[in-house]
Number of protein chains: 2
Amino acid sequence: MLTDRQLLILQVIIDDFIRSAQPVGSRSLSKKEEITFSSATIRNEMADLEDLGFLEKTHTSSGRVPSEKGYRYYVDHLLSPHTLKMHDIELVKSVFAEKIYELEKIVQKSAKILSELTSYTTIVLGPGVLENKLRRLQIVPLNKETAIAIIVTDTGHVENKMITIPPSVDVNEIEKMVNILNEQLIGVPLVELTDKIYREVAFLLSRHIKSYDEVIKILVQSLKLPGHEKMFFGGKTNMLQQPEFHDIDKIRTLLSMIDHEKGMFDLLEKSPAGIHVKIGRENQISAMENCSLITASYSIGEEKVGTIAILGPTRMQYSRVISLLDLFSHDLSSVLTRLYQNK
Amino acid sequence: MLTDRQLLILQVIIDDFIRSAQPVGSRSLSKKEEITFSSATIRNEMADLEDLGFLEKTHTSSGRVPSEKGYRYYVDHLLSPHTLKMHDIELVKSVFAEKIYELEKIVQKSAKILSELTSYTTIVLGPGVLENKLRRLQIVPLNKETAIAIIVTDTGHVENKMITIPPSVDVNEIEKMVNILNEQLIGVPLVELTDKIYREVAFLLSRHIKSYDEVIKILVQSLKLPGHEKMFFGGKTNMLQQPEFHDIDKIRTLLSMIDHEKGMFDLLEKSPAGIHVKIGRENQISAMENCSLITASYSIGEEKVGTIAILGPTRMQYSRVISLLDLFSHDLSSVLTRLYQNK
DNA sequence: GTTAGCACTCTTTGTTATTGAGTGCTAATT
DNA sequence: AATTAGCACTCAATAACAAAGAGTGCTAAC
């Protein structure tokens with residue numbers, strides 16, 4: 001539906017605007033190497049592209065600026081593959097070069113490096129813990145009324161939670177229960193724990209444990225898992241450098257959105273496997289009107305366990321960020337798979 | 001050295017400027033109830049106060065603005081005690097009303113509420129974990145090479161750390177060691193652990209444990225505690241609302257300073273017990289030139305375990321913030337003392 | 001179909017004038 | 001001797017205006 005020339009013009013305009021953040025005029029376009037026709041021709045084409053909704057003007061006699069539809073088309077059809085610099089690749093690899101085994105640390109460092117490489121904001125979700133398998137359950141009494149329940153998963157993740165013990169329950173009973181549970185439940189994915197307890201272990205417990213009713217309550221209480229995975233941020237304030245956010249009000253709503261973790265979580269959680277680009281209002285959040293979000297998933301083996309996202313202005317270096325995320329999510333996945341899959 | 005009238009004028013100017021953020025002129029001052037003398041008199045006094053370094057002008061014919069020295073004097077000598085509104089007190093109490101026992105949650109919620117009450121930024125440091133006493137040490141093997149070391153303290157705090165196990169070491173040996181250690185070390189403050197191990201337990205271990213040298217290495221590795229206490233933030237973006245930070249560059253340096261936790265930590269860590277006010281450059285950090293930091297300590301029993309701080313513009317509501325912090329640190333201390341001291 | 005040419009639009013920048021809140025100083029008043 | 005009224009002066013902020021420049025759309029020529 002678009003002619004080759006229109007595509008070329010659209011692409012060059014968007015490339016130029018991404019670089020300069022300034023509306024692009026016909027005259028400056030006509031000077032580019034790729035462009036062999038006159039500014040008048042470009043003007044005509046630009047008018048057509050505007051009618052079609054790919055470009056916009058900031059005022060009647062201004063140069064053109066890509067619309068959301070324009071970016072969408074650009075991302076879907078015009079993206080020229082970006083070759084990463086050696087330096088970039090090395091930095092990415094450096095995250096995985098050190099012998100860090102703690103998953104959270106890897107993830108946190110990832111967020112930091114990615115935000116430095118892009119000068120946008122990085123958000124990493126997960127790795128999810130619900131699919132992890134139980135390695136050890138421990139209940140450590142602190143005093144008469146309280147105890148700490150600790151869950152260790154096969155990925156080395158530790159969850160802990162303070163619980164209250166009703167006075168009727170004997171500490172020894174709890175210890176007994178914990179022993180039984182460890183025997184029965186090791187290797188069971190955390191999501192299935194409660195279910196499995198009711199189906200298979202409850203019977204066993206009822207035979208060996210005195211105040212069964214009370215104890216089972218504590219158990220369920222301590223297995224109640226964190227509602228959602230952890231999020232890690234990098235470069236939260238990077239958006240302040242972007243010229244489109246030189247307005248205090250915009251930056252305030254954006255930053256407080258970023259800090260309001262729940263909303264961010266909802267946004268990332270539903271992102272599917274693979275790399276995806278959401279442009280401006282496609283994100284359904286008014287604070288993100290001028291932002292794009294690129295998400296990539298990472299996995300252990302075949303199973304998706306988390307999401308990496310880069311938040312930038314709609315005027316984002318899509319090509320570069322996609323290449324980086326692609327490299328990164330693959331490397332992260334393979335490291336995690338190597339570390340945590342075969343046990 | 002200052003006359004009563006000068007003190008009055010200084011106080012009224014600072015109060016007014018804190019409220020309005022606008023330079024205060026002689027005419028508007030003369031209209032205040034407290035002021036019974038003419039604008040000309042005020043002008044003369046203001047000139048004197050400026051000569052003494054308590055006031056400044058933004059330009060030759062502008063009204064006066066407090067200098068850092070002015071704020072200092074105001075905080076030290078002129079602060080009128082602020083009576084908190086019922087509503088404020090209720091909000092503070094609400095943090096402690098719920099039956100939350102997890103220390104970190106209490107602290108986190110505190111940061112949030114305080115930032116909402118003040119519309120400044122809240123930073124909470126601690127509670128320190130080094131003085132806590134060991135309740136349980138646990139090492140959970142994940143696979144041949146790695147294991148998770150878990151430390152539970154008497155305050156219910158859980159630290160965990162991934163460690164690598166050299167191939168020469170038998171998992172059973174580790175288990176044996178952990179049992180010995182739990183017998184010997186429960187109740188010992190975390191800071192003293194390593195010391196105590198070398199002094200008293202090493203001998204015991206060397207008798208019972210085969211590959212003693214290797215095992216002790218793992219042990220020390222797993223007891224290496226986090227270099228410093230955790231920090232919690234509230235209202236990180238609140239400073240964006242302050243008119244003195246309507247400048248993008250200022251806000252950027254400030255926010256990135258806040259996000260750079262190390263620097264913040266250094267700032268808070270050395271703050272002594274009680275409530276203290278650091279004004280502007282007294283903080284020794286250029287990004288905080290226009291900021292004041294009010295710190296308060298909180299404690300378990302008699303022992304200081306952490307710091308609450310409020311970061312605001314130098315044009316801060318000192319009186320109100322001090323009252324809030326005072327109330328807060330006392331309440332927090334008494335709750336913590338009740339929960340964690342008597343065991 | 002393309003492009004040169006031109007009138008027109010709108011932002012940006014700079015200049016100038018005006019206003020108003022404020023000061024400092026002097027002289028009059030208490 | 002301290003206070004205050006009065007006045008000349010300063011400076012930021014605002015508005016009004018002009019000029020420049022980058023851009024457009026349209027028409028007519030190529």
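Note that these values count all heavy atoms, side chains included, but never hydrogens, waters or copies made by symmetry. We name chains A, B, ... by the order of the sequence lines, and we start the count at 1 in each one.
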Exercise. Counting only side-chain N and O atoms of A:Thr41, is one of them less than 4.0 Å from OP1 or OP2 of C:dT2?
Worked result: no
Problem set entry | Test: B:Arg19 and B:Asp15 ion pair at under 4.0 Å | no
Problem set entry | Spacing of B:Ser297 atom OG and B:His276 atom NE2 [to the nearest 0.5 Å] | 7.0 Å
Exercise. Quick one: A:Glu45 CD to C:dG1 C1', roughly how many Å, whole number?
Worked result: 11 Å
Exercise. Quick check: are there more than 12 heavy atoms from other residues, nucleotides or ligands sitting under 6.0 Å from NZ of A:Lys236?
Worked result: yes
For this session: Calculate the interatomic distance between B:Ile42 atom CD1 and C:dG22 atom P; express it in whole Å.
Result: 11 Å
Exercise. Hey, is A:Glu68 close enough to A:Arg72 for a salt bridge, meaning N to O under 4.0 Å?
Worked result: no
For this session: Take atom NZ of A:Lys112 as the centre, draw a 6.0 Å sphere, and report whether it contains more than 12 heavy atoms from other residues, nucleotides or ligands.
Result: no
For this session: Take atom CD1 of A:Ile35 and atom P of C:dT2, then tell me their distance rounded to the nearest Å.
Result: 13 Å
Seminar exercise, completed: With sugar-phosphate taken as primed atoms, P, OP1 and OP2 and all else as base, the protein-contact string of nucleotides 8-30 of chain D at under 4.0 Å (heavy atoms; B, S, -) is --BBS----------BBB-----
For this session: Look at B:Lys262 together with B:Asp266 and state whether they make a salt bridge at an N to O cut-off of under 4.0 Å.
Result: yes
